[in-house]
Amino acid sequence: MQEADEVRDLPGWRVLVIGGASGMGKTGVGRALARRYGVPVVEVDDIVEALLAVTSPEHLPEVHFWRTHPEAAHQAPESVVERQIAIARALAPAVEAVVANHVSTDTPVILEGDYILPSPATPHGPVRAVFLHEDDEDQVAANYLHREPEAGPQRHRARVSVLYGRWLAAQARAAGVPVTHPRPWQDLPDRAAKAVEGAAHHLPSFPIPTTRPRSSSQQPCQDERGTLRGEWF
């Protein structure tokens, strides 16, 4: 039975991209799918750290921006999102080089991170992608609070994540890449896998509001017993 499961779960892709803004559940679903397919996970944060170690701010100013301008993280959310988009675009050649290497060497991998753009993905090719987006700022703030309780409420960060996530979701849809809602958490790995295979779960387009949505009763993700599960964020 185990051998049959392994054959069933062999990926038809060589690189699976899991994109989306921070706090959307990428880490948890990436780990779950890595276990399912028996492949490693590469985090874009590791690519960033490698570039920071071998380049200078003069060489790659966008990649070094948060270190050279730490105060910028507290600017208006729209300004922070513009900076995140610039960083994602600056990192794109490095990300695409990693993708190309895994395709050419026939070594499956899951690539996960905030700064991944949908451009390397092809619907039925060796590189596939799914983007996660949660549009409820209260939910994203609750995710952060559960993951990092010592930091307290992070409303500004949640706002940034939702706005950046909307931009990423729009880019994904334009590229024909599926966009999936993180909740319910329990079946997110199954839904993400189906989306990659072509059963995409598209979200509606979200206009960017001028005010923060009203508070909701949404809580951090819970399992069937109501136990908080922070590993998803």
Side-chain angles (χ1 to χ4, degrees), residues 13 15-30 32-33 43-45 76-92 95-96 99 110-125 127-144 154-185 187-213 216 218 221 232-233:
W13 39 263
V15 179
L16 173 55
V17 172
I18 301 178
S22 176
M24 301 295 173
K26 299 185 305 299
T27 298
V29 74
L33 292 178
E43 297 184 2
V44 172
D45 285 348
E78 292 77 8
S79 296
V80 178
V81 170
E82 288 180 3
R83 184 56 57 183
Q84 288 184 308
I85 293 171
I87 294 171
R89 287 173 170 161
L91 287 170
V95 172
E96 290 172 4
V99 169
I110 291 175
L111 186 61
E112 174 264 308
D114 304 353
Y115 291 123
I116 305 179
L117 300 177
S119 53
T122 52
H124 304 291
V127 184
R128 303 184 195 178
V130 60
F131 276 65
L132 307 182
H133 180 60
E134 169 64 69
D135 206 61
D136 187 330
E137 289 180 36
D138 294 317
Q139 180 66 53
V140 177
N143 295 349
Y144 282 137
Q154 300 185 64
R155 303 297 317 188
H156 180 272
R157 187 181 179 190
R159 176 65 172 164
V160 169
S161 285
V162 168
L163 293 181
Y164 180 51
R166 288 175 184 168
W167 183 85
L168 286 173
Q171 297 296 304
R173 293 190 189 94
V177 171
V179 179
T180 298
H181 196 285
R183 293 177 287 137
W185 307 99
D187 68 348
L188 177 55
D190 289 335
R191 290 187 291 111
K194 289 178 181 178
V196 169
E197 295 302 327
H201 296 259
H202 294 288
L203 291 174
S205 298
F206 296 103
I208 297 179
T210 56
T211 59
R212 185 175 60 81
S216 72
Q218 301 291 350
C221 63
W232 284 104
F233 311 122

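Numbers for residues simply follow the sequence, beginning at 1.
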Residue pair Val140, Met24: steps toward the side-chain contact (heavy atoms from CB on, under 4.5 Å) verdict: CA-CA 7 Å; Val140 177; Met24 301 295 173; 4.2 Å; yes
Supply the atom-to-atom distance [X] [atom1] to [Y] [atom2], rounded to the nearest 0.5 angstrom.
{"X": "His156", "Y": "Tyr144", "atom1": "NE2", "atom2": "OH", "answer": "11.5 Å"}
{"X": "Asn143", "Y": "Arg157", "atom1": "CG", "atom2": "CZ", "answer": "10.5 Å"}
{"X": "Ile87", "Y": "Tyr115", "atom1": "CD1", "atom2": "OH", "answer": "4.0 Å"}

Test side chain to side chain donor-acceptor pair (under 3.5 Å) applied to Gln171 - qualifying residues, sequence neighbours left out: none
Flag side-chain contact, heavy atom, 4.5 Å: His133 against His181: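 Counting from C-beta outward, His133 and His181 never come under 4.5 Å.
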Any side-chain heavy-atom pair of Val162 and Val160 under 4.5 Å: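 Val162 vs Val160: side chains apart.
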Say whether, by atom type as modelled, one donor and one acceptor occur between the side chain of [X] and the main chain of [Y] under 3.5 angstrom.
{"X": "Lys26", "Y": "Leu132", "result": "no"}
{"X": "Glu134", "Y": "Asp136", "result": "yes"}
{"X": "Arg191", "Y": "Pro182", "result": "yes"}
{"X": "Ser161", "Y": "Ser22", "result": "yes"}

Please report the closest heavy-atom contact between [X] and [Y], naming both atoms and the distance.
{"X": "Ala129", "Y": "Val177", "value": "O-CG1, 3.5 Å"}
{"X": "Ala193", "Y": "Leu33", "value": "CB-CD2, 4.2 Å"}
{"X": "Gly30", "Y": "Ile18", "value": "CA-CD1, 3.6 Å"}
{"X": "Gln139", "Y": "Trp185", "value": "NE2-CZ2, 4.2 Å"}
{"X": "Leu188", "Y": "Gly25", "value": "CD2-O, 4.4 Å"}
{"X": "Ala195", "Y": "Pro178", "value": "O-CG, 3.6 Å"}

Set of residues satisfying salt bridge (charged side-chain N to carboxylate O under 4.0 Å, His left out) with respect to Asp190, sequence neighbours excluded: Arg36
side-chain contact (heavy atoms from CB on, under 4.5 Å) partners for [X], two or more places apart:
{"X": "Ala76", "value": "Glu78, Ser79"}
{"X": "Leu168", "value": "Leu117, Phe131, Tyr164"}
{"X": "Glu82", "value": "none"}

Check ion pair Asp187-Lys194 (N to O, under 4.0 angstrom):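 Salt bridge absent between Asp187 and Lys194.
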Full working for side-chain contact (heavy atoms from CB on, under 4.5 Å) between Val80 and Arg159: CA-CA 10 Å; Val80 178; Arg159 176 65 172 164; over 6 Å; no
Steps toward side-chain contact (heavy atoms from CB on, under 4.5 Å) verdict (Asp114, Gln84): CA-CA 9 Å; Asp114 304 353; Gln84 288 184 308; 5.6 Å; no
